[in-house]
Every structure is written in C-alpha cells, then in structure tokens.
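All remarks here apply to the structure that follows.
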Amino acid sequence: MFLWGTATASYQIEGAVTAGGRGPSVWDTFAHEPGRVRDGHTGDVACDHYHRWQEDVELMDGLGVGSYRFSIAWPRIQPDGVGAPSQEGLDFYDRLVDGLCARGIVPAATLFHWDLPQALQDRGGWMARDTAARLADYAAIVAERLADRVPLWITLNEPFVHMALGHAFGAHAPGQALMLDALPVGHHQLLGHGLAAQALRAHGAERVLITNNCTPVWAASESDQDVRAAEAYDTVHNRLFNDPVLLGKYPDLSAYGVTNLDVVQDGDLSIIAQPLDGLGVNYYNPTRVAAPAGPAELPFEDVGITGHPTTSFGWPVVPDGLRELLTSLRARYGDALPPVYVTENGCSQPDDLAADGTVDDQDRITYLDGHIGAVRAAMDQGVDVRGYYVWSLLDNFEWAEGYTQRFGLVHVDFATQERTPKASYHWLRDRLAAHPEPWPA
Ligand code: GCO
C-alpha cells in the first residue's frame with residue numbers, strides 16, 4: 001500500500017520545552033544565543049503540538065493521509081541523553097501513537113531530527129564516537145515502548161545537513177564551524193545509525209530506514225573543472241551518506257584532500273551497512289555548482305539555478321529534479337537500493353491569511369502536483385517508491401529562519417495557535433480521496 005503522509009519534527013512543532021522533565025537540546029541552547037535565529041525566534045512554544053496534538057491528528061485524519069512522520073525528542077526521553085528514561089516523555093509519544101492508530105494513520109517515527117540532548121553535546125556531541133552508542137541505547141528504550149504500534153522507524157534525519165549546517169558552517173545547532181574537520185560528525189552519525197538499527201530490530205521494529213537529504217547535482221558548464229566540482233559536491237552531499245549505508249564503503253575522498261577518515265575503525269562500515277527496509281529521501285530542489293572562482297577551502301561553489309519559479313526561500317522549483325534524483329539513485333545503486341520513501345517534499349510560500357480567513361496557496365498546489373507527478377514518472381521508470389510525505393503538516397519553526405518560512409498545508413497563527421487549513425490542504429484531501437497512488441504530472 002502506497003503511504004501518503006505528512007512530516008514534522010519535534011523541535012519544530014512541539015514547544016513545551018520543559019514539560020515532563022524534558023532536558024535542553026542543542027537547539028534550545030542555540031536558539032537562545034543572540035543572533036543565531038532570525039528575529040530571535042525559538043522553539044520554546046512553536047506550534048504547541050505537545051498540548052494540541054489531538055487537534056493536529058484530527059487535521060491529518062481530515063486530510064486523509066495514511067501515515068504521519070514525526071520525530072521523537074531525545075531530550076524528552078532521556079533529559080541528559082543517558083540513563084533511565086522519563087516515563088512522562090514516553091507517555092507523550094504513547095498517547096500520540098495511540099491517537100494515530102485509532103484513526104488508521106501509520107506512525108513513522110524519526111529517532112533523531114537534530115535535537116541532541118545538550119548534556120551529550122557537552123561530552124563532545126557527534127564529534128565523539130560515544131554518542132553513536134548513546135543513540136542505540138535511546139533507540140532501544142523507545143522501540144521497547146512503541147514498536148508494537150510503530151511499524152516504520154527512521155534512525156536519522158539528514159545526517160549530511162546536520163553535519164554541514166550544524167558542524168561545518170555553524171548556521172545550525174550546535175553552531176560549530178569546523179569545515180572539513182566536521183567529517184567525523186558524519187561518520188559517528190552513520191555509526192549511530194547502524195547501532196540504532198540493530199537496537200530497533202532487537203526490540204521489535206518492523207521496518208528500519210535512514211533519511212538522507214539528496215539532490216541532483218548539475219555542473220555550471222561542461223568545462224572539466226565545473227564537472228569535477230559537481231562530482232565533488234555529489235560525493236560530499238549524496239554519496240558520503242548513501243554509499244556507506246547501501247554499499248558498506250565510503251566514496252573516494254582523496255581528491256578533496258581527505259585521505260583517511262581516521263575516526264573510522266575496523267568493523268564500523270559493516271555496522272553502518274545494516275540491511276535497510278527502505279531509504280528515506282528528502283528532496284527540495286537540484287543544486288548547480290561550479291569550480292571555485294579563486295582559492296577556496298571547498299572544491300565547489302553553489303552558483304544557484306535560474307529560469308525556474310522560486311519559493312519564499314529562493315529555492316528553485318524543479319519537479320522533474322525529483323524524477324531525475326530517484327532514477328539516478330536506482331541507476332547508481334541497482335539492487336542495493338531498497339524501496340524508496342520520499343520522506344520530505346514541500347515548499348515555503350508567503351501564505352498570508354486573507355481577510356476572509358483563508359490562505360489561497362496556489363503555488364504550493366502547483367509545487368505538490370508537479371512533484372507527485374515526478375514520483376509517478378520515476379515509478380513508471382522502474383523505481384520502487386513506497387511513500388510520499390509532504391513537508392509539512394503545519395507551518396513551524398524553520399530552524400535559523402524561525403517562523404518566517406511557512407511550509408505547512410495548515411496555517412498556524414503563532415500568536416493564537418489557531419490552525420487554518422490552506423487551499424493546498426483541501427486540494428490534497430480531494431486528490432488523495434481519488435488516487436491511492438501518485439498520479440501523472
Ligand atoms: C530539512 C529538515 C526539515 C526542514 C525542511 C525545510 O530537510 O532541512 O528535515 O526540518 O524544516 O526540510 O527546510
């Protein structure tokens with residue numbers, strides 16, 4: 001059965017950051033540091049989903065989705081990242097999962113969506129190998145409580161983005177700007193993925209996935225240097241995280257001065273390459289790169305894409321990029337590619353509430369229709385796609401952009417917490433009622 005869903009993440013929607021003994025995460029710390037997040041926004045309240053989850057589940061029920069991808073806040077389960085779990089923290093997800101199941105909505109739980117307990121960051125965070133083992137301990141705890149009703153588990157959300165934005169460039173929590181010295185963060189997350197996959201399965205998880213942010217990479221020109229730059233970016237963004245989990249090896253990084261990821265120990269890659277029941281793919285747009293104009297620390301430069309509509313974020317809208325991505329994954333990995341779930345796809349738009357209380361987000365309807373058509377085209381070209389999750393159900397805390405980028409099918413007035421389904425919500429509801437699978441563009 002093809003899974004239609006919506007996706008969210010704990011720090012972006014829950015709020016209630018001290019309820020039930022929840023401990024601080026790196027995002028609580030980062031968001032409260034002046035200048036880190038636009039307009040000083042934080043996730044302290046967000047969509048207040050912790051208290052309003054029943055209303056949000058009813059919105060999903062009304063939409064007619066068959067699945068909901070959410071993330072579990074590690075600091076709600078283990079406030080210090082280690083030790084005995086908080087029963088109140090587990091109880092919140094128990095209630096949420098039971099509410100979903102009561103409406104026939106398949107829960108898909110992401111273990112780690114960037115909100116690492118601050119106490120673990122204080123012990124080195126993902127630069128420290130030990131954090132991988134702590135993720136496995138946490139995985140065992142939540143699977144023990146929830147795996148009887150949660151069939152689909154995603155270990156990590158976008159380890160590339162968390163490494164790059166959180167540890168190489170410093171734009172996200174924990175705010176480290178280590179550039180290529182951040183590579184151990186990638187390896188330790190992947191090691192954590194492998195250990196957590198083992199722990200999840202040992203405690204009854206039915207399907208285990210990882211979600212990678214993937215992008216088609218286009219060379220700015222056919223020149224050798226631009227083609228090499230595109231290969232370099234494809235290696236660091238896509239292959240550095242897909243090859244280990246699908247092939248059990250890292251791509252060749254020697255061309256980028258990385259001769260040996262000296263944090264890799266014997267046996268690590270076989271742990272990382274745990275069998276997968278699916279690959280989660282988050283797609284937003286392609287990436288166009290050129291060789292750096294002058295001396296640069298990285299062998300590529302994102303030069304942007306013109307000639308396409310853009311979202312509020314300025315991201316190009318290229319639906320066929322999703323078909324290109326899915327078919328290229330199939331071509332690159334062949335039988336090593338498990339079934340694919342598009343675990344995030346969506347766009348931010350201005351989404352102002354009109355005087356009559358509606359949000360006529362026609363651009364999002366066009367975006368979703370085109371990308372769902374791209375999934376159909378990829379399926380027709382032989383890619384085994386099992387699910388498609390819209391990012392996002394609700395307007396929410398968009399990391400360093402705070403609440404200024406609205407991705408929801410449902411508008412949230414953050415002053416009143418009032419939810420208003422947008423035109424795209426009604427459009428998608430009607431299309432899902434008519435189509436059990438993706439439709440042609
Ligand atoms: C990501 C994250 C989401 C974002 C979404 C829009 O892919 O960056 O998984 O948390 O909010 O993608 O940027």
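From a predicted model like this one, the values you see are computed outputs, not experimental measurements. Counting starts at 1 for both ligands and their atoms, in listed order. What's counted below: heavy atoms across the whole structure, side chains too, no hydrogens, waters or symmetry copies.
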Ligand-side contact atoms (ligand 1) for residue partner Trp315, heavy atom cut-off under 4.0 Å: 13 (O)

Per-atom contacts, ligand 1 versus Asn157 - under 4.0 Å to a heavy atom: 2 (C), 9 (O)

Qualifying residues under side chain to side chain donor-acceptor pair (under 3.5 Å), relative to Glu418, sequence neighbours excluded: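 Once residues adjacent in sequence are excluded, Glu418 has no partner under the side chain to side chain donor-acceptor pair (under 3.5 Å) criterion.
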
Residues forming a side chain to side chain donor-acceptor pair (under 3.5 Å) with Thr287, sequence neighbours excluded: Thr215

Validation row, ring centre Tyr389 to ring centre Tyr341 under 6.0 Å: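 No.
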
Over 12 non-hydrogen atoms of neighbours within 6.0 angstrom of CD in Gln362: yes

Salt bridge (charged side-chain N to carboxylate O under 4.0 Å, His left out) evaluation trace for Asp384 with Arg330: CA-CA 9 Å; Asp384 180 3; Arg330 179 89 179 87; over 6 Å; no

Just need the protein heavy atom nearest to [atom], so name the residue and atom and give the distance.
atom	result
atom 1 (C) of ligand 1	Glu158 OE1, 3.1 Å
atom 13 (O) of ligand 1	Glu398 OE2, 2.8 Å
atom 10 (O) of ligand 1	Gln12 OE1, 2.6 Å
atom 12 (O) of ligand 1	Tyr284 OH, 2.8 Å

Mind checking whether [X] contacts ligand 1 via backbone (N, CA, C, O), side chain (CB onward), both or neither, at a 4.0 Å heavy-atom cut-off?
X	result
Gln405	neither
Val161	neither
Tyr283	neither

Asp361 side chain vs Arg364 backbone, donor-acceptor pair below 3.5 Å: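 Not at all, since once roles are kept as given, no pair shorter than 3.5 Å links the two residues.
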
Indicate yes or no: does an N/O atom of [X] lie under 3.5 Å from an N/O atom of ligand 1?
X	result
Asn396	no
Glu344	yes
Trp114	no
His113	yes

Intermediate values then yes/no, side chain to side chain contact (heavy atoms under 4.5 Å, CB included), His113 and Arg69: CA-CA 11 Å; His113 201 126; Arg69 177 190 173 221; 3.9 Å; yes

Residue-ligand contact Phe160/ligand 1, heavy atom below 4.0 Å: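 Under 4.0 Å: no for Phe160.
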
Carboxylate-amine/guanidinium contact Arg201 Asp277, below 4.0 Å: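 Answer for the salt bridge query: yes.
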
Flag for Asn157-Thr110: side-chain donor and acceptor within less than 3.5 Å: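 Short answer, no.
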
